[in-house]
S.K.: 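Before I ask anything, let me first share the structure, which is written out below as structure tokens.
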Amino acid sequence: MEKTTKTKYYLFIDECGDHNLAKYDPGFPVFTLCGILVSRQNLNALNKAFDNLKEDIFGTKDVVIHSVDIRKWRGPFSILADESVRVRFFEGIERILSRHEAYVIVSCTILKEQLNKFCVRGEEDDVYGLSLSYLIERSIFCVDNNDNEGSPEISVVVERRGKKEDNKLLDYYNGLRNRGTKWVEADRLRSRVRDFGFKNKKDNIIGLQIADLIAYPVTIHLLHPERNNPSYEAVKHNIFQDNGVLLGQKVIPH
């Protein structure tokens, strides 16, 4: 019997905003879970591109890219105070992230005020789990659309937050494996998503750094679509669409 070729994908997940519904900043009333879905082959190319950029700007590939530190010129990013370095750095980031078909964005943005109206007691901290369900579901749609002959597998990689938070998220993921989602049955989910793990920011995982870079501009676009947002413009063509319908972003309606 001929062995089925399995295409390997990775889903790197990061967040923007906090998942607290009871208390939140009215100036930033959203939570975004952003996933970057990338094949093994494309991931190797992205790793090399980012390593080259880091070597060029910082003299080492060990720098961990973090959007908040970049915006505040903090730590190793203090060199961005030099305009010529800053321009070279951002042009390099945009050149890498604007690559068509290098990765796919699947993201879920939740407007806290609207969701809070429908939550019952005990569900206030389930925003992360709800978003995770959406990202995994859409990632399965995407790999199945792109791989008709093989049997694609997805490894999910999430940035570590804390023992309590990570254990709760792992429990939610295991629940998805047992029950499936609204649109993906449990057997299909288990056959596609083969492992689920946590990594620290200091582990220098390029996929998590890309998710971190993209989560903020995607969120700002949804909050303020009229605002100039060049980072979003550079990556929007990689947002997952199915049959012409945008599925990469989800906002809880009024």
Side-chain angles (χ1 to χ4, degrees), residues 9-21 24-25 28-38 67 97 103-119 123-145 154-159 161 165-166 168-177 179-184 188-189 192-193 196 198 207-225 229 231-232 235-243 245-254:
Y9 292 87
Y10 297 89
L11 176 63
F12 298 97
I13 296 176
D14 202 359
E15 63 192 90
C16 181
D18 67 81
H19 57 273
N20 191 317
L21 289 182
Y24 57 85
D25 179 3
F28 201 78
V30 296
F31 172 81
T32 293
L33 198 63
C34 183
I36 304 304
L37 183 66
V38 57
S67 60
L97 295 186
Y103 58 90
V104 175
I105 301 170
V106 284
S107 68
C108 177
T109 296
I110 291 178
L111 300 180
K112 295 182 181 180
E113 181 180 2
Q114 281 78 4
L115 182 60
N116 208 14
K117 296 176 183 177
F118 303 101
C119 282
E123 291 182 337
E124 293 87 350
D125 58 352
D126 201 30
V127 174
Y128 206 115
L130 175 64
S131 305
L132 177 69
S133 173
Y134 182 85
L135 262 62
I136 287 179
E137 191 177 70
R138 266 50 191 185
S139 296
I140 292 172
F141 293 164
C142 182
V143 299
D144 282 351
N145 286 350
I154 303 171
S155 289
V156 181
V157 182
V158 183
E159 184 172 328
R161 298 180 297 159
E165 293 83 0
D166 293 347
K168 185 167 186 178
L169 188 60
L170 188 57
D171 287 343
Y172 195 96
Y173 163 71
N174 287 328
L176 291 177
R177 286 179 58 83
R179 67 177 182 271
T181 71
K182 182 176 181 179
W183 303 111
V184 177
R188 181 182 176 191
L189 192 151
R192 293 292 177 262
V193 183
F196 186 99
F198 298 91
L208 289 177
Q209 293 169 61
I210 295 174
D212 173 81
L213 285 170
I214 292 176
Y216 183 75
V218 166
T219 305
I220 292 300
H221 172 73
L222 290 173
L223 274 179
H224 307 288
N229 191 346
S231 296
Y232 175 80
V235 304
K236 68 179 183 180
H237 55 268
N238 283 334
I239 296 176
F240 175 50
Q241 299 186 50
D242 188 26
N243 296 325
V245 178
L246 182 65
L247 293 176
Q249 302 161 354
K250 179 182 182 183
V251 180
I252 302 302
H254 291 277

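Keep in mind the model is a prediction, meaning the values are calculated, not measured. Worth knowing before you read on, the calculation uses all heavy atoms, side chains too, and leaves out hydrogens, waters and symmetry mates.
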S.K.: To the nearest 0.5 Å, tell me how far N238 CG sits from Y103 OH.
M.R.: 4.5 Å
S.K.: Working to the nearest 0.5 Å, report the span between OG of S131 and CD1 of I110.
M.R.: 3.5 Å
S.K.: Could you walk me through whether Y134 and V106 satisfy the side chain to side chain contact (heavy atoms under 4.5 Å, CB included) test, starting with their C-alpha distance in whole Å, then the side-chain angles of each, then the deciding distance to 0.1 Å, before giving a yes or no?
M.R.: CA-CA 9 Å; Y134 182 85; V106 284; 6.0 Å; no
S.K.: Looking only at the aromatic ring of each residue, does the gap between the centers of F31 and Y128 stay below 6.0 angstrom?
M.R.: yes
S.K.: Parallel, tilted or perpendicular: which fits the ring planes of Y10 and F12, with parallel below 30° and perpendicular above 60°?
M.R.: parallel
S.K.: Identify, with sequence neighbours excluded, every residue that meets side chain to side chain donor-acceptor pair (under 3.5 Å) alongside T181.
M.R.: E137
S.K.: CD1/I136 to SG/C108 distance, rounded to the nearest 0.5 angstrom?
M.R.: 12.0 Å
S.K.: Hey, are the side chains of R161 and D166 touching, using non-hydrogen atoms and a 4.5 Å cut-off?
M.R.: yes
S.K.: State which residues pass side chain to side chain donor-acceptor pair (under 3.5 Å) with Y173; sequence neighbours excluded, sorted by chain then number.
M.R.: R177
S.K.: Are Y232 and L222 close enough that some pair of their side-chain heavy atoms sits under 4.5 Å apart?
M.R.: no
S.K.: So F196 and L169, do their side chains get closer than 4.5 Å, heavy atoms only?
M.R.: yes
S.K.: Side chain of D14, backbone of A211: donor and acceptor closer than 3.5 Å?
M.R.: no
S.K.: Could you tell me the separation between the CH2 atom of W183 and the CD1 atom of I140, rounded to the nearest 0.5 Å?
M.R.: 14.5 Å
S.K.: Heavy-atom distance under 4.5 Å between the side chains of I105 and I36, does that happen here?
M.R.: yes
S.K.: If you compare all heavy atoms of L33 against all heavy atoms of L132, which two are closest, and at what distance to 0.1 Å?
M.R.: CD2-N, 3.5 Å
S.K.: Grab the two heavy atoms, one from I13 and one from L208, that are nearest each other, plus how far apart they are.
M.R.: O-CD2, 3.4 Å
S.K.: Excluding sequence neighbours, so at least two apart, what forms side chain to side chain donor-acceptor pair (under 3.5 Å) with D212?
M.R.: S67
S.K.: For the atom pair CZ (R138) and CG (N145), what is the distance rounded to the nearest 0.5 Å?
M.R.: 11.5 Å
S.K.: Just so I know, are the side chains of F28 and L223 near enough to count as touching, which here means a heavy-atom distance under 4.5 Å?
M.R.: yes
